[in-house]
Number of protein chains: 2
Amino acid sequence: MAQHAGGLPEATISRLPLYHRALLEAAELKELTVSSERIAELTGLNAAKIRKDLSHLGTYGTRGVGYNVEQLMHQIARELGLTEDWAIAIVGFGNLGQALANYKGFLERGFEVVAIFDADPSKEGMSTTGGAVVMPIDQLKAISSRKRIDIAIIATPASSAQEVADLVVAAGITSILNFAPQVLAVPEGVSVRKVDLSIELQILSFYKQRTRMKTAEG
Amino acid sequence: MAQHAGGLPEATISRLPLYHRALLEAAELKELTVSSERIAELTGLNAAKIRKDLSHLGTYGTRGVGYNVEQLMHQIARELGLTEDWAIAIVGFGNLGQALANYKGFLERGFEVVAIFDADPSKEGMSTTGGAVVMPIDQLKAISSRKRIDIAIIATPASSAQEVADLVVAAGITSILNFAPQVLAVPEGVSVRKVDLSIELQILSFYKQRTRMKTAEG
DNA sequence: GGCTGTGAACCACTTCACAGCC
DNA sequence: GGCTGTGAAGTGGTTCACAGCC
C-alpha cells in the first residue's frame with residue numbers, strides 16, 4: 001500500500017542520494033551484490049533503516065544474498081530522476097557563483113550549467129570552462145522561455161536574493177537552490193532548498209563549546 | 001529537568017541559528033519585542049514549535065508581550081558560542097576553497113580564516129583578501145600546534161578528502177565541515193558536518209520529477 | 001485580550017526482532 | 001546459514017489546546 005502510489009517518506013528521499021553514491025562506490029570495487037550491512041558501512045547509517053528505506057522502493061533484494069548493485073543503483077537513479085539531464089542556471093557570478101559555475105562535478109552527475117546571470121554589467125560576457133556565458137539578469141525571463149532551465153541556483157548577496165528569487169519564479173522556474181542566508185518567500189509549488197555555511201559553522205561551534213564544557217566539568 | 005543539564009534536543013539546536021538570524025533582522029527593523037508568531041513569519045516555521053524550542057533555553061519571554069529581541073538574541077548567541085571568535089582552516093585551495101577563503105560573511109559572523117592548506121606546491125604563498133596565505137598541507141600539524149584552529153573546512157577533491165581528514169584529526173582538530181561527497185571516517189569525539197551540493201540538486205530533481213508526474217496524471 | 005509555557009495527543013521516523021525466503 | 005522484508009515497539013519531534021501570567 002502506498003508502495004508506488006508515489007509516497008516515499010521524506011526522510012527516505014533525503015537518503016537516496018547517499019545510497020546511490022554508496023552503490024557507485026561498490027560498483028567501482030567490482031562488488032556485484034551488497035548486503036544492507038555493507039551499505040551501512042559505506043554510508044555510516046544503520047542497516048535496519050537501510051532495509052526499510054529500500055523496501056519502500058519495491059522488492060529489489062534477495063534474501064540470503066543481498067541487493068544487486070547495478071540493478072538497485074539504476075532503480076534509485078530512476079527514482080531520483082538521475083537518468084535524465086537537468087539544466088541549471090546560476091544567478092550571481094561573484095566568488096561563490098564562479099566556483100559553482102566552474103565545478104566539474106555537476107556535469108558528471110547530470111547537471112549542466114546552461115546559463116549564468118549577474119546584475120553587474122562589467123561581468124557580462126565572462127565565460128566558464130563549461131562554455132556558459134554571463135548574461136544580464138534582466139534577460140532571465142527571455143532566456144528561460146527559449147531554453148529549458150530546470151533549477152536555479154541563487155548565489156547573489158543576501159541583499160538581492162529575494163528580488164532575484166522573484167525574477168526566477170516569474171521566469172517559470174520551480175526549483176531553487178538558495179545560498180543566501182535568509183528564508184526566501186516563494187509561491188506554493190516552488191521547491192527551495194537552502195545551503196547555509198554559516199549555519200553549519202554555528203552548529204559546529206555549538207557542539208565544540210558543549211564538548212569543552214563537558215571536559216572542563218569532568 | 002534536563003533544562004540546563006546541557007541537553008537541548010538535536011532539532012532545536014539546528015534551528016537556533018535560524019532564530020538568531022530572525023532576531024537580528026527584527027533588531028534591524030527596530031522591533032524591541034517579538035512574538036512567537038512574528039518569529040514564525042521571519043523563519044517560515046510554526047509558532048508552537050518556536051515557543052517550545054525557546055522554552056528549552058529557559059524562560060525569556062513575557063506572557064502577553066513576547067520576547068525581548070536583544071536579550072533573546074544574546075542568549076541564543078551565547079548558547080551557540082557566537083560570543084567568541086572561532087578560528088578556521090581551509091584545506092584545499094581549488095575553486096571552492098578560494099571562494100570560501102574570500103567569503104567576507106564568515107568574519108562578520110565571528111569565523112576567521114586563519115590558515116589555508118593545499119597539496120599543490122604551485123599554490124603555496126597565494127593569499128586571500130583576508131590576509132591568509134596558502135601553506136603546504138604537511139605543515140598542518142605544525143601550524144595547528146602553534147596557533148589555535150577550531151574548525152577545519154575540507155574543500156579538496158573527493159579522492160584526497162579522507163586522507164586530509166586523517167591529517168586534520170591527527171593535528172588535534174575536532175570539528176570538520178566536509179564539502180567532499182563521501183562520508184568521512186573519523187574517531188569518536190570529532191564532529192563532522194557535511195555540505196553536499198549534488199545531494200541537494202538530486203533531491204530537487206526528485207521533487208521536480210515527482211511534480212511533473214502529478215501534473216501529467218491530473 | 002494577548003501571548004507564553006507546557007501537558008497531552010499525535011505523528012514520523014527509527015530500531016528491534018523475527019518470520020520468510022534463498 | 002545468511003540476509004531481506006516487515007510487523008511491533010520505541011523514540012524524538014511536532015502540533016494542539018489551554019492554563020497561567022501580564
Side-chain angles (χ1 to χ4, degrees), chain A residues 1-19 22-23 26 31-73 75-76 79 203 207, chain B residues 1-19 22-23 26 31-73 75-76 79 203 207:
Chain A
M1 231 265 293
Q3 192 72 332
H4 257 216
L8 300 195
E10 197 79 22
T12 299
I13 295 167
S14 70
R15 283 187 296 264
L16 289 182
L18 237 50
Y19 299 146
L23 290 166
E31 300 173 23
L32 298 178
T33 62
V34 285
S35 63
S36 58
E37 200 55 65
R38 175 69 179 128
I39 301 179
E41 249 175 63
L42 291 169
T43 56
L45 305 173
N46 153 315
K49 173 153 47 183
I50 291 167
R51 287 201 300 279
K52 184 139 285 183
D53 279 345
L54 296 180
S55 77
H56 290 307
L57 302 179
T59 302
Y60 295 100
T62 309
R63 289 162 203 243
V65 179
Y67 303 90
N68 177 301
V69 172
E70 285 300 330
Q71 185 196 8
L72 183 58
M73 182 161 54
Q75 184 53 30
I76 291 177
E79 200 68 42
I203 294 174
Y207 283 117
Chain B
M1 230 264 296
Q3 191 71 330
H4 258 217
L8 299 195
E10 197 80 20
T12 299
I13 294 167
S14 71
R15 284 187 295 264
L16 290 182
L18 236 50
Y19 299 145
L23 291 165
E31 300 173 24
L32 298 178
T33 62
V34 287
S35 63
S36 59
E37 200 56 65
R38 175 69 180 130
I39 300 179
E41 252 175 60
L42 292 168
T43 56
L45 304 173
N46 154 314
K49 173 153 49 182
I50 292 167
R51 288 201 299 281
K52 184 139 284 180
D53 279 346
L54 296 180
S55 77
H56 289 307
L57 301 179
T59 301
Y60 294 101
T62 310
R63 290 162 203 241
V65 179
Y67 302 90
N68 178 301
V69 172
E70 285 300 330
Q71 186 196 9
L72 182 58
M73 181 161 55
Q75 184 53 30
I76 292 177
E79 201 68 40
I203 293 174
Y207 283 116

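Because only heavy atoms are used, hydrogens play no part in the values below, and waters and symmetry mates are left out as well, while side chains stay in. Lettering of chains follows the sequences in order, A, B, ..., and the numbering in each one begins at 1.
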Checklist line | Closest to side chain of A:K52, choosing from D:dT14, D:dT6, C:dC3 | finding: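 Closest nucleotide among those given: D:dT6.
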Checklist line | Per A:S55 side chain, nearest of listed nucleotides D:dG5, C:dT14, D:dC3 | finding: D:dG5
Check whether any side-chain heavy atom of [X] sits under 4.5 Å from a side-chain heavy atom of [Y], and report yes or no.
X	Y	value
B:L57	B:L8	yes
B:L45	B:Y19	yes
B:Y60	B:N68	no
B:M73	B:Y67	no
A:L23	A:L42	no

Checklist line | Residue pairs passing the salt bridge (charged side-chain N to carboxylate O under 4.0 Å, His left out) test where at least one lies in residues 33-47 of chain B, sequence neighbours excluded | finding: B:E31-B:R38, B:R38-B:E41
Find the distance [X]:[atom1] to [N]:[atom2] and express it as a whole number of Å.
X	N	atom1	atom2	result
A:I50	C:dC16	CD1	P	13 Å
B:H56	D:dT14	NE2	P	9 Å
B:E10	C:dT14	CD	P	13 Å
A:K49	D:dG10	NZ	C1'	14 Å
B:D53	C:dT6	CG	C1'	13 Å
B:Q75	C:dT4	CD	P	17 Å
B:L32	C:dC3	CG	P	15 Å
B:L57	C:dT6	CG	C1'	15 Å

Using only side-chain N and O atoms of [X], determine if any of them is under 4.0 Å from OP1 or OP2 of [N].
X	N	value
A:Y67	D:dG5	yes
A:S36	D:dT4	yes
B:N46	D:dT14	no

Checklist line | Heavy-atom protein contacts under 4.0 Å, nucleotides 17-22 of chain C, coded B base, S sugar-phosphate only, - none | finding: B-BBBS
Note to self: Could you walk me through whether A:I13 and B:Y207 satisfy the side-chain contact (heavy atoms from CB on, under 4.5 Å) test, starting with their C-alpha distance in whole Å, then the side-chain angles of each, then the deciding distance to 0.1 Å, before giving a yes or no?
What the structure shows: CA-CA 9 Å; A:I13 295 167; B:Y207 283 116; 3.8 Å; yes
Next item on the list: Return one dot-bracket line describing DNA chain C 5' to 3' (Watson-Crick or G-U wobble pairs, both distances under 3.5 Å; ( ) same strand, [ ] crossing, | another strand, . none).
Entry: ||||||||||||||||||||||
Margin query: How long is the straight-line distance from OG1 of A:T12 back to NE2 of A:H56, given to the nearest 0.5 Å?
Written below: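 These two atoms lie 4.5 Å from each other.
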Next item on the list: Scan B:R38 against the nucleic acid and name what it touches under 4.0 Å (heavy atoms): base, sugar-phosphate only, or nothing.
Entry: nothing
Note to self: Quick check: closest heavy atoms across A:T43 and A:A22, and the distance to 0.1 Å?
What the structure shows: CG2-CB, 3.7 Å
